[in-house]
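Start at 1 and go down the list; that is how both ligands and their atoms are numbered. This structure is a prediction, so every number in the text was calculated from the model and none was measured.
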Amino acid sequence: MIRFEIKQYDSVGSTNDEACRLALAGAPHGTVVVAREQTAGRGRRGRNWSSPPGNLYLSIVLRPDLPPARLAELSFVAALAVVDTVDRFIPGKAVLKWPNDVLIDGAKISGILLERVDAAIVVGIGLNVLHVPENAAAAATSLVRAGASHVADAAQPEARVAEVRTALLDAFAHRFAEWQEGGFGPVRDDWLERAHPVGTVLRVSVGPDPVTGTFAGLALDAALLLNASGSLRRITAGDVVLVFQASALG
Ligand code: BTN
């Protein structure tokens, strides 16, 4: 099991930047940077990540002995750890969307950003606990908005976020150990169990023209499988949006 060494900050630009800096300076496997707020939180594809106090921001330095082609698997490990954490507060409601988005009622509750620095990997995780970011690129929610009322103790916001942090690190340690022992197969099975069903209509931004198709599963190398225009496509990078059809709503 990973032994975490937690470095707690009040305010940083980005916990990922700080974790990358520490990794370059030789920080060991299991170093965790946690901040009460970020002033320049980063999301995927150069987007910013709203980071006021009251939500969780942390980045974990990992030094797994792996070929680079398998590193993408870690983002699925992290997404499952977030689902386990959300389950502790709102059981059974979290749904996964490729590659690592965790949704509740179609709204995003968490973001995961993986970065490589020398031989280390930094896994950055943001989880909305008390606040829902305004002006987010996609619909967003938080544990409190989604119904985890016992997290909403306004008198103790720091304690509430710390409780979620403990649950997340505990879940990550277990998921990481399972992945190291069992490889991607069991991770893939668990991910598929919590993903939207096969056949869900997805719109994927790959290049200038989005592709719409139906979800056909997750490949053994973690690529998204999409049935589109009569053929099975493998998607290895891109943004995915769930398309809600009139029949599904009615
Ligand atoms: C996404 O775009 O969905 C990824 C968002 C990742 C946000 C987290 S918050 C902690 C860590 N520090 C950052 O600057 N980003 C990640």
Backbone or side-chain N or O of [X] under 3.5 Å from ligand 1 N or O:
X: Arg42; value: yes
X: Gln38; value: yes
X: Ser110; value: no

Atoms in ligand 1 with a heavy atom of [X] nearer than 4.0 Å:
X: Ile125; result: 8 (C), 9 (S), 10 (C)
X: Gly41; result: 14 (O)
X: Leu58; result: 10 (C)
X: Gly43; result: 1 (C), 2 (O), 4 (C), 5 (C)
X: Ser59; result: 11 (C)
X: Gly111; result: 3 (O), 4 (C), 5 (C), 6 (C)

Does the side chain of [X] come under 3.5 Å of the side chain of [Y] through a donor N or O and an acceptor N or O?
X: Gln38; Y: Thr15; answer: yes
X: Asn16; Y: Arg21; answer: no
X: Gln8; Y: Arg165; answer: yes
X: Glu37; Y: Ser51; answer: no

Looking only at protein heavy atoms, which one is nearest to [atom], and what is the separation?
atom: atom 8 (C) of ligand 1; value: Gly126 N, 3.6 Å
atom: atom 5 (C) of ligand 1; value: Trp49 CE3, 3.4 Å
atom: atom 2 (O) of ligand 1; value: Arg44 N, 2.7 Å
atom: atom 10 (C) of ligand 1; value: Thr15 OG1, 3.2 Å

Legend entry - Proximity of His29 and Phe176 rings by center, below 6.0 Å: yes
Inset, instruction - Using non-hydrogen atoms of the residue, decide whether Asp17 is closer than 4.0 angstrom to ligand 1. - result: no
Inset, instruction - Say whether Arg47 and ligand 1 are in contact under the criterion: heavy-atom distance to a ligand atom below 4.0 Å. - result: no
Legend entry - Mutual orientation of the aromatic rings belonging to Phe4 and Phe172 [parallel < 30°, tilted 30-60°, perpendicular > 60°]: tilted
Legend entry - Where Thr85 and Leu168 come nearest, the two heavy atoms and their spacing: OG1-CA, 3.2 Å
Inset, instruction - Check Glu73 against Trp179 and note the closest heavy-atom contact, atom names and distance. - result: OE1-NE1, 2.8 Å
Inset, instruction - Would you indicate whether Arg188, at its atom CZ, is surrounded by more than 12 heavy atoms from other residues, nucleotides or ligands within a distance under 6.0 Å? - result: yes
Legend entry - side chain to side chain contact (heavy atoms under 4.5 Å, CB included) between Leu74 and Leu62, intermediate numbers included: CA-CA 10 Å; Leu74 271 170; Leu62 299 170; 4.0 Å; yes
Inset, instruction - Establish whether Leu113 and Val240 are linked, either directly or via other cluster members, by ILVMFWY side-chain heavy-atom contacts under 4.5 Å. - result: no
Inset, instruction - Of the side chain and backbone of Lys108, name the one, both, or neither that has a heavy atom under 4.0 Å from an atom of ligand 1. - result: side chain
Inset, instruction - Record the part of Ser51 in heavy-atom contact with ligand 1 below 4.0 Å; permitted values are side chain, backbone, both and neither. - result: neither
